[in-house]
Amino acid sequence: GESVGLHLPTLSVQEGDNSIINCAYSNSASDYFIWYKQESGKGPQFIIDIRSNMDKRQGQRVTVLLNKTVKHLSLQIAATQPGDSAVYFCAEIYSWGKLQFGAGTQVVVTP
Amino acid sequence: NAGVTQTPKFRVLKTGQSMTLLCAQDMNHEYMYWYRQDPGMGLRLIHYSVGEGTTAKGEVPDGYNVSRLKKQNFLLGLESAAPSQTSVYFCASSIRGRNSNTEAFFGQGTRLTVV
């Protein structure tokens, strides 16, 4: 039969506040770590990536932090806006191009 | 540019039927991927390709086959559909998966129901 779907963890954020989304990864050999945003009914969209030899990278309103010691990745969104409401996925690239996704987090922005 | 185009967008199959999902990209990307996404879950990698004529297994390859005869196309086949394959299927492509510029572009998805 069909498997039962799991509910995604939800992060509720007030508009204007900063958001922090966390992700744990398992593969120490990954070359790049990436964050994607998926809005309802659409395919994922690239947000930002970070190479495995870096620990921080900033983009427009977003910052990704990588802690290889504890295999932890986080995405910080500054001044969260209603348009930031979506599911956010972390992903990693290893084994010559294998792009594998981790668990997602539902972000809900409240007025 | 169309980007990544998936056909069909919707399909209902009977158990045991076969079908092929087509993914086409016009960005001259080397890498292409097929994922499935079940309700409330993340994307699971089915198969991927690092270039024309090459394919590799992902996390959940059983029950699926793929072909990359042309660089711009990546086909996903279901030989004998099962209800467990009811899902939304996403195709993606990227310039190169390992080195710089890791951005993958996704299609809009194919919603497949197997009854």
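Owing to the predicted nature of the structure, the values given are computational and were not obtained by experimental measurement. Just so it is clear: chains get the letters A, B, ... in the order the sequence lines come, proteins before strands, and each one is counted from 1.
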What about A/V13 and A/I47, same hydrophobic cluster or not, with Ile/Leu/Val/Met/Phe/Trp/Tyr joined at side-chain heavy-atom distances under 4.5 Å? yes

Kindly check if the number of other-residue, nucleotide or ligand heavy atoms within 6.0 Å of CD (A/Q45) is above 12? no

B/E79 atom CD, neighbour heavy-atom count above 12 within 6.0 Å: no

Going hydrophobic residue to hydrophobic residue with side-chain gaps under 4.5 angstrom, can you get from A/V62 over to A/V64? yes

Are A/I93 and B/L43 connected in the hydrophobic side-chain network, where two residues link if heavy atoms are under 4.5 Å apart? yes

Considering non-hydrogen atoms only, spot the tightest contact between B/Q37 and A/F89 and give its length. NE2-CZ, 3.5 Å

Starting from A/M54, can I reach A/L66 by hopping between I/L/V/M/F/W/Y residues whose side chains sit under 4.5 Å apart? yes

B/Y33 side chain to A/Q100 main-chain N or O, any donor-acceptor pair under 3.5 Å? no

In terms of heavy-atom pairs under 4.5 Å, which option from A/P44, A/A103, A/A91 contacts chain B the most? A/P44

Name the region of A/Q38, side chain, backbone, both or neither, that has any atom closer than 4.5 Å to a heavy atom of chain B. side chain

Any link between B/L22 and B/V88 through a network of hydrophobic side chains (Ile, Leu, Val, Met, Phe, Trp, Tyr) touching at under 4.5 Å? no

Name the region of B/L45, side chain, backbone, both or neither, that has any atom closer than 4.5 Å to a heavy atom of chain A. side chain

Any non-hydrogen side-chain atom of B/Y35 less than 4.5 Å from a side-chain atom of A/L99? yes

Please round to the nearest 0.5 Å and tell me the distance separating atom OH of B/Y48 and atom NZ of A/K98. 5.0 Å

Could you state the interatomic distance from CE (B/M41) to CZ (A/F101), rounded to the nearest 0.5 Å? 14.5 Å

What part of B/Q6 is in contact with chain A, defined as an atom under 4.5 angstrom from a non-hydrogen atom: side chain, backbone, both or neither? neither

For B/F105 together with A/F46, are the ring centres under 6.0 Å from each other? no

